[in-house]
Amino acid sequence: MSAQHTASNSLTGSQPNLSEFEEDHTVNRVAIRKRKTLMTVKARRGLTTADISLDGAARPIYLNEHLAPHMLYSKTRKLGLERGYTYIWMKDCKIFLRKNDSSKPMLIATEEDLAKIK
């Protein structure tokens, strides 16, 4: 046996796919960086063109976490407000709502989940 150590799955005896691990690790780093950037912008109450060294007058830049679930978020927000939900938000491209301070957050992932809003 060589001096190089290898890990294997004890059930199948197969070698782990390091490219998948590296890809997952990269995705996690990007997600963490995105989250930190959005938190920084929210804490500063906005971002302007001057903040990123663009020439001209400072103009606001608006960031959206992800545009794909926008229609579902709009439907969730409308229905949630109609039904008296106090908190409706997106985090990491996931839509949540909560009736009040003491209730648990509810995840809305599909249009079928809208039926859970009572």
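Grouping the Ile, Leu, Val, Met, Phe, Trp and Tyr side chains by contacts below 4.5 angstrom, directly or via other members, places Leu114 apart from Tyr87. Tracing side-chain contacts under 4.5 Å through hydrophobic residues (I, L, V, M, F, W, Y), one reaches Met106 starting from Leu81; they form part of the same cluster. Put simply, Leu107 and Leu72 are part of two different groups of oily side chains (I, L, V, M, F, W, Y) that touch within less than 4.5 Å, one to the next.
Annotation: Lys118, atom NZ; neighbour count of heavy atoms from other residues, nucleotides and ligands within 6.0 Å does not exceed 12.
Atom-to-atom distance recorded for Met71:CE and Thr76:OG1 is 11.0 Å, nearest 0.5 angstrom. Put simply, NZ on Lys116 and OG1 on Thr110 are 7.5 Å apart, with the number rounded to the nearest 0.5 Å. Interatomic distance, Arg83 CZ to Ile88 CD1, rounded to the nearest 0.5 Å: 11.5 Å.
With a 4.5 Å cut-off on side-chain heavy atoms, Ser103 and Tyr85 do not count as touching. You'll find the side chain of Arg98 stays beyond 4.5 Å of the side chain of Phe96, heavy atoms only.
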Discussion item. Does Tyr73 form a side chain to side chain contact (heavy atoms under 4.5 Å, CB included) with Ile108? I'd like the steps, not just the answer.
Written reply: CA-CA 9 Å; Tyr73 176 76; Ile108 303 296; over 6 Å; no
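Between Gly80 and Ile117, the shortest heavy-atom distance links the atoms CA-CG2, 4.3 Å. Considering all non-hydrogen atoms of both residues, Thr49 and Ala58 come closest at OG1-CA, 3.4 Å.
Within the 3.5 Å criterion, the main-chain N or O of Asn100 finds no donor-acceptor partner in the side chain of Thr86.
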